[in-house]
Amino acid sequence: MSVPILSVLAALITLIVGYSFSWTITPIVIGLTYAIAALGVSIMARAGQVSFGHAMYACISAYTVAFLARAMPGADALLLILAGVVASFAAALIVGSFVVRYRGIFFGMLNLALSMVLFALLGKLYHLTGGSDGLRIVRPTLFGMVMERAAFERGLLVLTLVLSLLLAWWVQRYFRSGSGQALSAIKTNETRIEYLGFSAYLIMWKGYLLSAVVVGISGALLALMQGLVTPELGSWLRSGEFVFITILGGAGHAAGAFLGAAAFEFVKLASAAYFPGLWQFLLGLTLILVIFIFPTGFVGQIVKRIANSKPARN
């Protein structure tokens, strides 16, 4: 069975579970937003670059949603999401223009430093951002309809699932495109890319912009689901969770982000329920085991098994 069919089946099962057990809607949507954010981080991971500050784009998008919802009370949720994505893209245009010049630890730390500057500003500018208390978002219309909380959450679940499928397809198509292959080649031999006449700077910048847009979508959806935006959305801990999920799932396929997010949420919820004092320890132990047993993540192991199961050609 092909990956697209499996993805659609997984989405349908998730939708059925959400509609059957309403209490699962919130963790499902939040888990999917984490998966979408990790999908954005995995784009740069394809080039061997790990950003420890990409949560700032989710934060920028979320605050844009909050500001616009206050300025335009009648704005639809789709318009708010679009505005958040545009704001993330605009920020990435500026930040990415100089960040993509760096590689390795310098790339990761520079993104982290910029995200912490944003985090500090959001906490200090209380009269604009509400400080650590954040900003509340009045429930907007969805598809032009005024909904009660339960109906709004169900509608948001459907929207998040559809966006997850579209983004996974889009990112996987990008991985297989010439630009995506060139981005992967930067990890192995950037000098050869330059000798072939390609600009490594432009390749990285395009990948960075796509990455920021995907993460921005996750921030907008999370803001609408929670109805509250705080500076914690852009903290280094949140960025670390995105990287954690990316490593768990693997960056070899777009599905890795969703597998990693499912494992992350399961371990987090199960350990918090049964071992409340040890849940962070168990998360760290899970990551260590995955790195040793599946160094390419869950999706890398799956791809390897599929390749080994195919009969060898004469």
Side-chain angles (χ1 to χ4, degrees), residues 36-61 85-122 171 174-175 177-219 231 233-252 254 256-257 260 287 291 295-297:
I36 292 172
L39 184 63
V41 173
S42 69
I43 294 172
M44 298 312 300
R46 294 275 292 190
Q49 310 304 314
V50 179
S51 171
F52 295 102
H54 252 48
M56 65 179 162
Y57 294 112
C59 190
I60 289 170
S61 180
V85 173
V86 170
S88 297
F89 179 77
L93 276 174
I94 300 171
V95 174
S97 63
F98 62 90
V99 166
V100 297
R101 298 178 185 274
Y102 300 89
R103 301 290 184 269
I105 191 64
F106 302 104
F107 176 85
M109 289 297 102
L110 186 54
N111 278 283
L112 173 61
L114 291 170
S115 71
M116 292 310 295
V117 169
L118 176 64
F119 175 79
L121 286 174
L122 292 173
V171 171
Y174 170 76
F175 285 164
S177 68
S179 296
Q181 294 294 329
L183 187 68
S184 299
I186 289 177
K187 180 180 179 180
T188 55
N189 197 325
E190 184 174 343
T191 303
R192 181 174 294 178
I193 288 291
E194 295 283 355
Y195 277 136
L196 290 173
F198 297 98
S199 170
Y201 172 82
L202 288 178
I203 293 169
M204 281 285 291
W205 194 30
K206 290 177 182 178
Y208 192 87
L209 292 176
L210 176 58
S211 176
V213 166
V214 174
V215 177
I217 293 173
S218 76
L233 286 173
S235 68
W236 67 272
L237 287 173
R238 187 60 58 89
S239 293
E241 289 176 340
F242 296 161
V243 174
F244 188 107
I245 293 170
T246 302
I247 295 173
L248 277 180
L287 180 60
I291 290 175
T296 55

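FYI, side chains are in, hydrogens and waters are out, and symmetry mates aren't considered; it's all heavy atoms of this structure.
- The shortest non-hydrogen separation linking I193 to A182 is CD1-O, 4.2 Å.
- Rounded to the nearest 0.5 Å, atoms CH2 (W236) and CD (E241) are 10.0 Å apart.
- Every pair tested for salt bridge (Lys or Arg N to Asp or Glu O under 4.0 Å) that includes a residue from residues 191-200 fails, sequence neighbours excluded, so the list is empty.
- When all heavy atoms of A91 and I60 are compared, the pair lying nearest together is CB-CD1, 3.6 Å.
- In this structure, CD1 on I186 lies 5.0 Å from CD1 on I203, to the nearest 0.5 angstrom.
- With sequence neighbours excluded, the residues satisfying side chain to side chain donor-acceptor pair (under 3.5 Å) with S211 are H54.
- Here A92 pairs with Y57, Y208, L209, A212 under the side-chain contact (heavy atoms from CB on, under 4.5 Å) rule; sequence neighbours left out.
- Side chains of V99 and L114 form a contact here, defined as non-hydrogen atoms less than 4.5 Å apart.
- Residue pairs satisfying the side chain to side chain donor-acceptor pair (under 3.5 Å) criterion with at least one member in residues 39-49, sequence neighbours excluded, are listed as follows: R46-S184.
- Under the side chain to side chain donor-acceptor pair (under 3.5 Å) criterion, no residue pair touches residues 88-99, with sequence neighbours excluded.
- Distance check: S51 OG to M56 CE gives 6.0 Å after rounding to the nearest 0.5 Å.
- Remark: F98 CZ is packed, more than 12 non-hydrogen atoms of other residues, nucleotides or ligands lying under 6.0 Å away.
- Residues forming a side-chain contact (heavy atoms from CB on, under 4.5 Å) with V50 (at least two apart in sequence, or on another chain): F52, V243.
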Listing, residues 101-110 side-chain donor-acceptor contacts under 3.5 Å, not counting sequence neighbours, or none:
from	atom 1	to	atom 2	distance (Å)
R103	NE	E190	OE1	3.0
R103	NH1	V100	O	2.4
R103	NH2	E190	OE2	2.9

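- In this structure, F89 has no ring-ring contact (aromatic ring centres under 6.0 Å, His included) partners at least two apart in sequence or on a different chain.
- The two residues C59 and L122 have their closest heavy-atom pair at SG-CD1, 3.3 Å.
- Listed by chain and residue number, F119, E232, L237, R238 satisfy the side-chain contact (heavy atoms from CB on, under 4.5 Å) test with S235 (two or more places apart in sequence, or in another chain).
- For Y174, the side-chain contact (heavy atoms from CB on, under 4.5 Å) test picks out I43, S177, S179, L183, L210, with sequence neighbours left out.
- Partners of S61 by side chain to side chain donor-acceptor pair (under 3.5 Å), not counting sequence neighbours: none found.
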